[in-house]
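I have placed the structure first, in the form of structure tokens, so that the comments after it can refer back to it.
A note on names: the letters A, B, ... follow the listed sequences, proteins ahead of strands, and every chain is numbered from 1.
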Protein chains: 2
Amino acid sequence: MNYTDATAEQIHALMEAAYTASVAFRKVPLQQRAALMYAIADTLENSGDALIHTAMAETHLPEARLRGERGRTIFQLRSYADATVQGDWLEARIDTANAEKVPAKPDIRKMLVGIGPVVVFGSSNFPFAYSTAGGDTATALAAGCPVIVKAHPAHPQTSQMVADMIHAAVAACGLPAAVFTHVHGASFEVGQALVLHPRTKAVGFTGSFAGGKALFDLANQRKEPIPVFAEMGSVNPVYLLPEKLAGDAVSIANAYAGSITLGVGQFCTNPGILVGIKGSALVNFATALATAVAAIPAGNMLHAGIQKAYVAKRAAALAQQGITLLAAGLESADDAQAVATIATVDAATFLHNPLLHQEVFGPFSLLVQCADEQELLAVAHAMEGQLTSTVMGTENDLQSHAALLDAIAEKCGRFILNGVPTGVEVCHAMHHGGPFPATTDSRFTSVGADAIKRFARPIAYQSWPDHWLPAELQNANPLQLLRSINGQLSKDAIA
Amino acid sequence: MNYTDATAEQIHALMEAAYTASVAFRKVPLQQRAALMYAIADTLENSGDALIHTAMAETHLPEARLRGERGRTIFQLRSYADATVQGDWLEARIDTANAEKVPAKPDIRKMLVGIGPVVVFGSSNFPFAYSTAGGDTATALAAGCPVIVKAHPAHPQTSQMVADMIHAAVAACGLPAAVFTHVHGASFEVGQALVLHPRTKAVGFTGSFAGGKALFDLANQRKEPIPVFAEMGSVNPVYLLPEKLAGDAVSIANAYAGSITLGVGQFCTNPGILVGIKGSALVNFATALATAVAAIPAGNMLHAGIQKAYVAKRAAALAQQGITLLAAGLESADDAQAVATIATVDAATFLHNPLLHQEVFGPFSLLVQCADEQELLAVAHAMEGQLTSTVMGTENDLQSHAALLDAIAEKCGRFILNGVPTGVEVCHAMHHGGPFPATTDSRFTSVGADAIKRFARPIAYQSWPDHWLPAELQNANPLQLLRSINGQLSKDAIA
């Protein structure tokens, strides 16, 4: 099926409609926003095989993975709906008046409200969970923001099918149609026009550094700059500490062979750099990793563009001076399949070649071999901001690497001990974010209920009578929210 | 006294020292950070008259105001210290492991940590409360970030005296000296070098639009963009609704004559635009306002640059087509004193002249006269983002202006009913922020404990044993924090 790019006129009209909807939707009760999210989850749950088959054809992702991802998307919508109603994200704070203070202290009550229309760019690697009805859409709706999704051009039909379900859910919930808008746009101009439109108040993006940074720059060049949360991936370094590696080289190698090649390496938390200190344990690890990866079949990547980029970036990395190919997975007769690859380099070379610090999106990882502890620390300091960093270490390893742990923590959003970074649990404590260039703002996450705060801003009401306040801030606490009252959290009503 | 601008070499050295301090300070216990803030408050409290006299000489602010502002600064430091220890701002969230889930759910624990060295630009209009030991410094220290203050060149000696007190407090608390650094810089190059230095991780600024926007643009053009919270002031519009005005024209006029000229109009929440509907009530209001303002003496502004800008911007406003001078305060033989000024214009002219929407920093306000309700609404929609907006209205007024209230709320950070915007209470529910151009990020505040969050980012720890976790996230909850445990807030220990 062919979809045509939205025109400038269409974009203007839909953004104006989204603005009008935002005025009403900002005030729609939390319960009703949650009902919409539940309704979307329900239609997704009942969407049957056609959606899965369409996504399989468009993304080359396997059926089980897509069914799992749909399930995750449904779970996200429901858990964010629950969080919406629970209302901790509102940061409701009430300071009651005090006439005896000099000067008199007025009654002030604050809560978060939707920032306005949010433009969401569907990602290529998660056609459900980070696309049309994905985390950005769910959290923007939770905040009370109309959402405008630009379908990823690699899976327009999947996106359109999900959009149609959302449209139906919006209508069934009796909400203005412009609470959700879906546009197609294969050209950069469509995205640009959406980000630059004065009615757009925030942007959510998951994808490449080049794409996210371009949108961030556009947004900051507006007359009225707007926040862009772009999750741009990272190399998710893994630090292999000596005692742990000496004890577990083979099992760590096998776990990482799986993590590096999971989903043809197309996860934003894919471990793209492994770092260890030269010695027999690292040789054993490298040998076991090479053996495991050599047996892994080539796989279809999401679309031709990504496959082409993988081939080019892999070749560029392998062409660098001092790089050695350590292992390649099984080749395929099909040119469109990506071959799993492990390369290796010594740390001195790595430290002097910025290209090697960049992500090769796909089933690729670089083993950086350090001469000693000093080089290991230098590598950690040289890393850019990351979504995740992982340490493989025993208690003794941790005890003897305090400075390394500090250096790693400074550069990452999630710090994992003795695990693999792939797999992003949807839960309150999850942080899926990190210092630039992992994301454009290290203070926010795109997974977990805190992701709602990307799309909300505080407003304080001063000296308003109770019946003019939003229900969230009224004396009786009709929504039974946990609120800060003169600095103390409680669900109490105010006398 | 003369102070010399910091050189590029000095800035590099101090930023490197601040970075080194940040590694340690990020992990300094909350109680110890609070102790530092208390120590700074104590030295300020005992600073005696010399500081006040120096500030009087440098800022032309009256003694009572400066004593009051020092008191506010002490109060801020102590209340933010209390909030630091209480720890709600940490957003501590714990999700415990669940081995039965498929795939198994790991233990994940998240909290906010200091973002790194923070550069704070002292403001001219609050030499204590928004300068060297002001709100930005206090909240950055609370977050665990070293602070580098650039003294405002209009009050360098005041800034140096306060800095010396902070240096002493840092030493007395046994913290690394580079937790707080103070530099002078009359040239733009000093500020530029501080914002562009790769070790700088965030910026706090209170001042003009031109100054804040320049820093924001610099920060976004870095290889690694960093967040800038710039509070750039606003015109703080006041909407005078018909029934209220008919009943209270004179008392409202008197209250606003005071608010407009308070502190020679040098508050960021100074009401610079008043909006009403033409008619006898508005005539009465204008007459009473003119009478009251005509009796107000001219006053010394903070420094020659601000005085010069006031004279120029006032003249430019008064020179616009369709503008009438409604009232001028008492003139002064001293050219360096600012004359209070009320001008008026009809809404049609206002709507078509963007210059009239801009702040004239000082004791100036523009009365915008609307032909009817439609024009009143159009003016509200035409406003830029504001720190505050105020409605003067009776219950009937509010009932009959629903669309207006929506339009106003959309554009402001604090929404006041029947009061004046000057006066910013330091309390949990205060929001001192607002949509651009009031600030560079509508999602943050510079007053209240939530201001800490400007300088903190989440980090999630996955699968770490208890004794490796920060105290904030340990099972026993040794700091007695309110934490989200599997989605429920509690102070419980974890079994």
| said: Would you compute the distance between atom CG of Leu417(B) and atom CG of Leu469(A) and round it to the nearest 0.5 angstrom? | reply: 9.5 Å
| message | Rounded at 0.5 Å granularity, tell me how far CD1 in Ile108(A) sits from NE2 in His431(B). | response | 12.0 Å
Can you give me the closest heavy-atom contact between [X] and [Y], atom names plus distance?
| X | Y | value |
| --- | --- | --- |
| Phe415(B) | Trp464(A) | O-NE1, 2.8 Å |
| Arg457(A) | Cys412(B) | NH1-O, 2.8 Å |
| Ala460(B) | Ala429(A) | CB-O, 3.7 Å |
| His428(B) | Ser484(A) | CB-OG, 4.2 Å |
| Arg26(A) | Glu410(B) | NH1-CG, 3.9 Å |
| Asp217(B) | Asn220(A) | OD1-O, 4.5 Å |

When [options] are compared by non-hydrogen pairs under 4.5 Å with chain B, the top option:
| options | value |
| --- | --- |
| Asp82(A), Ile94(A), Leu112(A), Leu489(A) | Leu489(A) |
| Ala83(A), Pro106(A), Cys427(A) | Cys427(A) |
| Ile459(A), Val391(A), Asn486(A) | Ile459(A) |
| Lys105(A), Lys213(A), Arg109(A), Glu224(A) | Lys105(A) |
| Gly68(A), Gly114(A), Gly385(A), Pro435(A) | Pro435(A) |

Is there a side-chain contact between [X] and [Y], using heavy atoms and a 4.5 Å cut-off?
| X | Y | result |
| --- | --- | --- |
| Pro225(A) | Thr440(B) | no |
| Trp468(A) | Leu398(B) | yes |
| Ser463(B) | Asn418(A) | no |
| Lys110(B) | Asp450(A) | yes |

Any donor-acceptor pair under 3.5 Å from [X] side chain to [Y] backbone:
| X | Y | result |
| --- | --- | --- |
| Glu425(A) | Asp95(B) | no |
| Arg443(A) | Arg454(B) | yes |
| Gln86(A) | Gly487(B) | yes |

| task | Assess whether atom NZ of Lys101(A) is packed by more than 12 heavy atoms of other residues, nucleotides or ligands within 6.0 Å. | result | yes
Between [X] and chain A, which part of the residue has a heavy atom less than 4.5 Å away: side chain, backbone, both or neither?
| X | answer |
| --- | --- |
| Asp88(B) | side chain |
| Ala407(B) | neither |
| His467(B) | side chain |

Counting only non-hydrogen atoms closer than 4.5 Å, does [X] touch chain B with its backbone (N, CA, C, O), its side chain (CB onward), both, or neither?
| X | result |
| --- | --- |
| Pro437(A) | neither |
| Ile226(A) | neither |
| Ala409(A) | both |

| message | Does Arg222(A) qualify as a cation-pi partner of Phe436(B), given the criterion of NZ or CZ under 6.0 Å from the six-membered ring centre and within 45 degrees of its axis? | response | no
| query | Between Lys453(A) and Glu91(B), is there a salt bridge with N-O shorter than 4.0 Å? | reply | yes
| query | If you count heavy-atom pairs under 4.5 Å between each of Lys201(B), Lys223(B), Glu395(B) and chain A, which one has the most? | reply | Glu395(B)
| Out of Glu384(B), Met111(B), Gln221(B), Gln399(B), which one racks up the most heavy-atom pairs below 4.5 Å with chain A? | Gln399(B)
